[in-house]
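Following: one structure in structure tokens, then a few remarks.
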Amino acid sequence: MYVIAHLSDPHLDGTAAARDRLRAVADYLRAFSRPVDVVLVTGDLADHGLPAEYAEVAAELELGVPVLMLPGNHDVSAPLREGLGVDSPGEGHPVHQVRFVGAARFVLLDTSVPGEDHGLLSAESLEWLAKVLDEPVDGPLFVAFHHPPNELQHPVLDQWILKDAEPLAAVLRDKPITAILTGHVHNGVATTFAGHPLLVAPGIRSTAPLPFEPAAAKALTDTDTPPGLALHVAAEGQPLVTVYRVLPS
């Protein structure tokens, strides 16, 4: 059994409110009788991309297991690279990574566009991804990035998803991908993309209610909803199982 704790959007900003929500998730994971194999955080690690915020992210996610982190639209490449010691080709933006944890391979894409809220992958990034996915893999293969390519039927959030997603779908289609893992929309979502499961982690900092939910009348995001996470469980010969958890308030 291989277990991924999938977190997203802690938006650490130096405040106790943001820190305590991430700390609640980290403490929950520390209490497991069996440690997860890896923690994946799919972006918006920091709220302003400041070095002090990345130092806080690193301190809060000292969990004794591998922790993989990738950028979101609130992140800034240079301080993220330096503050989190990310091993990524090139310098600056984008911050793409390939990481192995046990038998699993994680391809971590940077879909951020500096200064913008939506996501986009350049032709160069897609070429890099295609070459990585052509390499043989024996264990589970996960492709992770921040901006989901599918609309949520939300009039605001749908402006900020991954744009021009069909070239990405063409690269991913028919590859031996176990699942695509994303964040950004501050909701736990299960759907499909390019013939693969697309699993979106809830937001740690807040939840974004759908337009017809009562909280939507108050604000775009709801910081009163407790933080959540996804647990992806892979067992040999079995389909991937995802369990969404909302922590007690």
Side-chain angles (χ1 to χ4, degrees), residues 1-10 12 21-45 57-72 84-87 97-109 132-133 135-146 148 172 175-193 195-205 207 225-248:
M1 184 173 67
Y2 190 93
V3 182
I4 303 166
H6 180 189
L7 322 181
S8 202
D9 297 84
L12 291 193
R21 292 176 70 90
L22 179 58
R23 187 169 293 177
V25 174
D27 287 345
Y28 173 72
L29 294 175
R30 290 187 184 100
F32 280 23
S33 60
R34 173 218 188 274
V36 300
D37 294 279
V38 60
V39 174
L40 170 69
V41 193
T42 49
D44 281 357
L45 312 167
V57 170
E60 294 298 328
L61 291 177
E62 284 284 352
L63 295 169
V65 299
V67 179
L68 313 183
M69 294 183 263
L70 59 87
L84 299 177
V86 170
D87 181 13
Q97 307 165 67
V98 179
R99 301 285 300 274
F100 294 86
V101 181
R105 176 188 293 175
F106 293 83
V107 181
L108 311 180
L109 293 170
V132 169
L133 294 180
E135 297 171 0
V137 59
D138 294 326
L141 172 61
F142 299 95
V143 177
F145 45 92
H146 184 63
L172 299 180
K175 297 297 183 183
I177 295 169
T178 306
I180 302 164
L181 308 176
T182 74
H184 185 54
V185 293
H186 291 230
N187 280 287
V189 179
T191 182
T192 61
F193 179 72
H196 305 294
L198 171 60
L199 306 170
V200 186
I204 291 177
R205 183 67 181 91
T207 296
T225 304
L229 72 157
L231 296 170
H232 307 300
V233 183
E236 187 173 358
Q238 299 294 320
L240 185 72
V241 172
T242 295
V243 177
Y244 287 100
R245 283 284 178 261
V246 176
L247 302 190

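Throughout, residue positions are numbered sequentially from 1 according to the sequence presented.
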Can you give me the closest heavy-atom contact between [X] and [Y], atom names plus distance?
| X | Y | answer |
| --- | --- | --- |
| Asp37 | Pro66 | O-CD, 3.5 Å |
| Pro202 | Ala230 | CD-N, 4.1 Å |
| Ile204 | Arg21 | O-NE, 2.7 Å |

Taking C-beta and beyond as the side chain, do [X] and [Y] meet within less than 4.5 Å on heavy atoms?
| X | Y | value |
| --- | --- | --- |
| Leu108 | Leu40 | yes |
| Pro176 | Val137 | yes |
| Val41 | Pro10 | yes |
| Val143 | Phe193 | no |
| Asn187 | Val200 | no |
| Leu199 | Leu240 | yes |
| Thr182 | Leu198 | yes |

Measuring from atom [atom1] of [X] to atom [atom2] of [Y], what distance do you get when rounded to the nearest 0.5 angstrom?
| X | Y | atom1 | atom2 | answer |
| --- | --- | --- | --- | --- |
| Phe142 | Ile180 | CZ | CD1 | 11.5 Å |
| Arg205 | Leu12 | CZ | CG | 9.0 Å |
| Leu133 | Lys175 | CG | NZ | 6.0 Å |

>> So, using ring-ring contact (aromatic ring centres under 6.0 Å, His included) as the criterion, who are the partners of Tyr2 when residues are at least two apart?
In response: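 Not a single residue meets the ring-ring contact (aromatic ring centres under 6.0 Å, His included) criterion with Tyr2.
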>> If you count every heavy atom of other residues, nucleotides or ligands that lies below 6.0 Å from Glu135 atom CD, does the total exceed 12?
In response: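 Enclosed: over 12 neighbouring heavy atoms sit under 6.0 Å from CD of Glu135.
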> Between Leu61, Val67, Leu70, Val57, which is the residue that forms a side-chain contact (heavy atoms from CB on, under 4.5 Å) with Leu84?
Replying inline: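 With Leu84 as partner, side-chain contact (heavy atoms from CB on, under 4.5 Å) holds for just one option, Val57.
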> Taking only residues two or more places apart in sequence, or in another chain, which ones meet Thr42 in a side chain to side chain donor-acceptor pair (under 3.5 Å)?
Replying inline: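 Here the qualifying residues are His6, Ser8.
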Check: [X] side chain, [Y] main-chain N or O, donor-acceptor pair, under 3.5 Å:
| X | Y | value |
| --- | --- | --- |
| Arg99 | Phe106 | no |
| Tyr244 | Ala201 | no |
| Asp9 | His184 | yes |
| Arg245 | Leu229 | no |

> Where do Val233 and Met1 land on the side chain to side chain contact (heavy atoms under 4.5 Å, CB included) test, with the steps shown first?
Replying inline: CA-CA 7 Å; Val233 183; Met1 184 173 67; 3.6 Å; yes
>> Determine whether Gln97 and Leu68 satisfy the following criterion, side chain to side chain contact (heavy atoms under 4.5 Å, CB included), listing intermediate values before the conclusion.
In response: CA-CA 9 Å; Gln97 307 165 67; Leu68 313 183; 6.0 Å; no
> Could you go step by step and tell me if Val39 and Val65 meet the side chain to side chain contact (heavy atoms under 4.5 Å, CB included) rule?
Replying inline: CA-CA 7 Å; Val39 174; Val65 299; 3.9 Å; yes
>> Which residues pass the side chain to side chain contact (heavy atoms under 4.5 Å, CB included) test with Arg23, not counting sequence neighbours?
In response: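 For Arg23 the side chain to side chain contact (heavy atoms under 4.5 Å, CB included) partners, ignoring immediate neighbours, are Arg19, Asp27, Glu60.
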